Asker: 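One structure follows; several queries about it will come next.
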Amino acid sequence: MNKAQSWGSIILFCILIFGFGIVTAISPDSEYSETENRTLAQMPALRLQAILDGSFESDYEEYLTDQFVLRDDWIALKTTVERAAGRTQSNDIYFAEDDYLIEAHTGTFTDAQAQTNIQLLAQFTEKYAEQFGADHMTVMIIPNAVDVLREKLPAFASPYDEEEYLAQIEAALADVWFDAGSVLWEHCGEEIYYRTDHHWKTLGAFYVYQAWANAQGFAAPTLEQYEIETVTDSFEGTIQSKLGIHTVTDSIELFRNTDEPSYTVEKDGNGELLESVYDYSALETKSKYDIFFGGNNALTQIRTEAGTGRKILVIKDSYAHCFVPFLISEFDEIDVLDIRYYNQELSALIDGNEYTDLLFLYNASGFAEDTSLTKLLY
């Protein structure tokens, strides 16, 4: 290589490194990624304490990662190259059998936050044990696909941290624990998780509801009691978006109880009464899973004509969205609380309402990672 070629290589290298940095710096920041369905990191505030404790550097690195110019294209290129090279995992996601993309959740269940959340939930259930009793308080932590669908994972995958973590939660909450995992394991050969998204499918939620209803003394429903409507077969979920590629598409099903009582839905006390828990407008967006309740709301209140005299508080993450509609036939009032977005005292809500039942429903990784669970004790 002659001198001119050497300088050419150096100049090209500088353009690539510094050019992308400059373009990233002058480009307006994006607040939200439609592709990944999440909020993107913003420029952290420059504070002396943050610099000294290292949090500024960490936050700034996350900011650069989220705001890098042509970020989605680079992610797609990286995934494509890794798959072509025979890699079975990319961006902490396994390329599993039957076109499943399954998150590994590496480190999630051994992190300090995961252990803290077990303690917080145990304190919460102990606080309200006398008020509800073991028969009317339930904790469901739904295992993720990496646990239930482990037979679809590539050779040498290690999905066992989640199983151990769920056992720890069960040990801390024995009296109010409902073993959803055992139910799902019985149906692991069926389509109970999305192939491209992190949620379970409505069929999986039905099987768990059926078993829980039986344990609660309700009339356990059968599939024949529901009209199953496929509302889309073109859903591409958040896991696929993290890889930046298109693989397969998923279908979303709604289960409609043929004997379902009439009901109304109010979100966040806005005064608008809706006649359905389903928001069909979401099907026109990337976030098609938001057909359930229109996405996350702090407090959703459902009032039914079931006539059972029972009123339930559901503390949840988005895994509950396809589960809650099954409750409509058994409860007169259903308050659905997402504590991540609820900024009032939970104790005031519980003390101010005559709830007969309480259900805590999260997915395993969402529970382990949630930094808002201190609100359980307020």
Side-chain angles (χ1 to χ4, degrees), residues 34 37 140 142 191-210 212-213 218 221-238 249-306 308 311-338 340-342 359 361-363 366:
E34 292 288 346
N37 191 27
M140 289 186 195
I142 310 301
E191 239 182 80
I192 54 176
Y193 290 91
Y194 292 105
R195 284 175 166 80
T196 68
D197 193 66
H198 66 287
H199 291 100
W200 59 347
K201 299 196 73 172
T202 315
L203 181 62
F206 165 76
Y207 286 131
V208 172
Y209 174 74
Q210 183 184 50
W212 179 72
F218 303 153
T222 63
L223 275 176
E224 289 70 30
Q225 289 177 235
Y226 295 88
E227 295 177 353
I228 302 176
E229 177 188 6
T230 300
V231 293
T232 182
D233 58 5
S234 59
F235 175 43
E236 296 179 293
T238 56
T249 59
D250 278 304
S251 63
I252 297 177
E253 290 79 30
L254 309 183
F255 284 41
R256 300 184 182 279
N257 191 328
T258 54
D259 295 323
E260 185 175 83
S262 59
Y263 64 90
T264 60
V265 181
E266 183 180 4
K267 300 176 184 178
D268 294 332
N270 62 11
E272 180 183 4
L273 297 182
L274 307 174
E275 296 182 351
S276 177
V277 295
Y278 304 117
D279 182 355
Y280 280 84
S281 67
L283 298 177
E284 306 302 319
T285 71
K286 175 73 168 63
S287 305
K288 289 179 172 57
Y289 185 78
D290 286 351
I291 189 173
F292 300 102
F293 294 96
N296 293 311
N297 305 285
L299 180 63
T300 302
Q301 296 173 299
I302 305 171
R303 301 295 177 256
T304 83
E305 295 183 6
T308 62
K311 179 177 181 179
I312 188 170
L313 174 64
V314 181
I315 301 175
K316 60 83 188 180
D317 67 5
S318 58
Y319 256 58
H321 290 187
C322 62
F323 182 95
V324 168
F326 293 113
L327 302 176
I328 291 172
S329 297
E330 296 294 343
F331 293 91
D332 295 346
E333 300 184 23
I334 306 165
D335 285 355
V336 185
L337 177 72
D338 195 321
R340 297 170 297 177
Y341 307 102
Y342 190 74
L359 170 64
L361 196 162
Y362 264 67
N363 80 89

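Because the structure is a prediction, the values reported are computed rather than measured.
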Asker: Answer yes or no: is there an ion pair linking Arg303 with Asp335, defined by an N-O contact shorter than 4.0 Å?
Answerer: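 Salt bridge present between Arg303 and Asp335.
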Asker: Would you say Trp200's side chain and Tyr194's backbone share a donor-acceptor pair under 3.5 angstrom?
Answerer: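 No; judged by distance alone, with no hydrogens or angles, the pair does not exist.
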Asker: Can you give me the closest heavy-atom contact between Tyr280 and Glu229, atom names plus distance?
Answerer: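 Heavy-atom minimum between the residues: OH-OE1, 3.2 Å.
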Asker: Determine whether the aromatic ring centres of residues Tyr209 and Phe323 are separated by less than 6.0 angstrom.
Answerer: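 Phe323 vs Tyr209: aromatic centres under 6.0 Å.
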Asker: Taking the six-membered ring for Trp, are Phe331 and Phe218 ring centroids under 6.0 Å apart?
Answerer: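 Between Phe218 and Phe331, which both carry aromatic rings, the centre distance is below 6.0 Å.
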Asker: Of all the heavy-atom pairs spanning Ile328 and Pro261, show the shortest one and how long it is.
Answerer: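 Taking Ile328 first and Pro261 second, the nearest heavy atoms are O-CG, 3.6 Å.
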Asker: Looking only at non-hydrogen atoms, find the nearest pair between Asn257 and Asp259 and report the distance.
Answerer: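 Smallest heavy-atom distance, with atoms named: OD1-N, 2.8 Å.
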Asker: Any side-chain heavy atom of Val208 sitting closer than 4.5 Å to one from Gln210?
Answerer: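 No. Closest side-chain heavy atoms not under 4.5 Å.
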Asker: Does a donor on one side chain sit under 3.5 Å from an acceptor on the other, for Glu253 and Thr202?
Answerer: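 Side-chain D/A pair, Glu253 to Thr202: absent.
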Asker: When you measure from the side chain of Asp317 to the backbone N and O of Tyr319, does any donor-acceptor pair fall under 3.5 Å?
Answerer: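 Yes; at least one donor-acceptor contact below 3.5 Å.
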Asker: Any donor-acceptor pair under 3.5 Å linking the side chain of Asp250 with the backbone of Arg195?
Answerer: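 Checked: pair present.
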Asker: Please round to the nearest 0.5 Å and tell me the distance separating atom CZ of Phe235 and atom NZ of Lys288.
Answerer: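 NZ of Lys288 is found 8.5 Å from CZ of Phe235.
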Asker: Is it the case that the side chain of Thr308 and the backbone of Glu330 share a donor-acceptor pair, with hydrogens and angles ignored and the cut-off at 3.5 Å?
Answerer: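 Between the backbone of Glu330 and the side chain of Thr308 there is a qualifying donor-acceptor contact (under 3.5 Å).
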Asker: Looking at Asp268 and Leu299, would you say the former's side chain and the latter's main chain have a donor-acceptor pair under 3.5 Å?
Answerer: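 Yes, the answer is positive, given that a donor and an acceptor are paired below the 3.5 Å cut-off.
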Asker: Flag the pair Ser276 / Val265 as yes when at least one side-chain heavy-atom distance between them is below 4.5 Å, and no otherwise.
Answerer: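 Ser276 does not reach Val265 side chain to side chain.
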Asker: Given 3.5 Å as the limit, does a donor-acceptor pair link the side chain of Tyr263 with the main chain of Val277, or not?
Answerer: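 It does hold such a pair.
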Asker: Ignoring hydrogens and angles, state whether a donor on the side chain of Thr232 or Ser234 is under 3.5 Å from an acceptor on the partner side chain.
Answerer: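 The criterion, which ignores hydrogens and geometry beyond distance, is satisfied for Ser234 and Thr232.
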Asker: Determine, step by step, whether Ile192 and Tyr207 satisfy the side-chain contact (heavy atoms from CB on, under 4.5 Å) criterion, reporting the C-alpha distance in whole Å, the side-chain angles of both residues, the deciding distance to 0.1 Å, and the verdict.
Answerer: CA-CA 9 Å; Ile192 54 176; Tyr207 286 131; 4.3 Å; yes
Asker: Charged N to carboxylate O below 4.0 Å: is that the case for Glu272 and Lys267?
Answerer: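 Answer for the salt bridge query: no.
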Asker: So, does Asn363 use its side chain to make a donor-acceptor pair with the main chain of Gly366 at under 3.5 Å?
Answerer: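 Here the side-chain-to-backbone pair exists.
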Asker: If I compare all heavy atoms of Ser318 with all of His198, which pair ends up nearest, and what's the gap?
Answerer: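 Looking at all heavy atoms of both residues, the closest pair is OG-NE2, 4.3 Å.
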Asker: Are Asp338 and Lys316 close enough for a salt bridge, meaning some N to O gap below 4.0 Å?
Answerer: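 A salt bridge links Asp338 with Lys316.
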Asker: Can you tell me how far apart CG (Leu254) and CD1 (Ile228) are? Round to the nearest 0.5 Å.
Answerer: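 Result: 10.0 Å between the selected atoms.
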Asker: Could you measure the distance from the OG1 atom of Thr304 to the CG atom of Asp332? Nearest 0.5 Å is fine.
Answerer: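 Result: 5.0 Å between the selected atoms.
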Asker: Strictly distance-based, threshold 3.5 Å: is any side-chain N or O of Asp197 a donor or acceptor partner for the main-chain N or O of Thr238?
Answerer: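 Yes; judged by distance alone, with no hydrogens or angles, the pair exists.
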Asker: I'd like to know if the side chain of Thr196 and the backbone of Gly237 have a donor-acceptor N/O pair within less than 3.5 Å.
Answerer: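 A pair under 3.5 Å: yes.
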Asker: To the nearest 0.5 Å, how far apart are CG in Asp279 and CG in Asp290?
Answerer: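 Going from the CG atom of Asp279 to the CG atom of Asp290 covers 8.0 Å.
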Asker: Rounded to the nearest 0.5 Å, what separation is found between the CG atom of Leu283 and the CD1 atom of Ile252?
Answerer: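 Separation between the atoms: 6.5 Å.
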Asker: Could you check Tyr289 against His199 for ring-ring contact (aromatic ring centres under 6.0 Å, His included), going step by step and ending with a plain yes or no?
Answerer: CA-CA 9 Å; Tyr289 185 78; His199 291 100; 3.7 Å; yes
Asker: State, to 0.1 Å, how close Ile291 and Ala282 come at their nearest heavy-atom pair, and which atoms those are.
Answerer: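 Closest approach of Ile291 to Ala282, heavy atoms only: N-CB, 3.4 Å.
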Asker: Does the distance from a Lys or Arg side-chain N to an Asp or Glu carboxylate O, for Arg256 and Glu227, drop under 4.0 Å?
Answerer: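 Salt bridge absent between Arg256 and Glu227.
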Asker: Decide yes or no on ring-ring contact (aromatic ring centres under 6.0 Å, His included) for Phe206 and Tyr226, but give the supporting numbers first.
Answerer: CA-CA 10 Å; Phe206 165 76; Tyr226 295 88; 5.6 Å; yes
Asker: Does a donor on one side chain and an acceptor on the other come within less than 3.5 Å for Glu266 and Thr264?
Answerer: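 Judged by distance alone, the side chains do not pair up.
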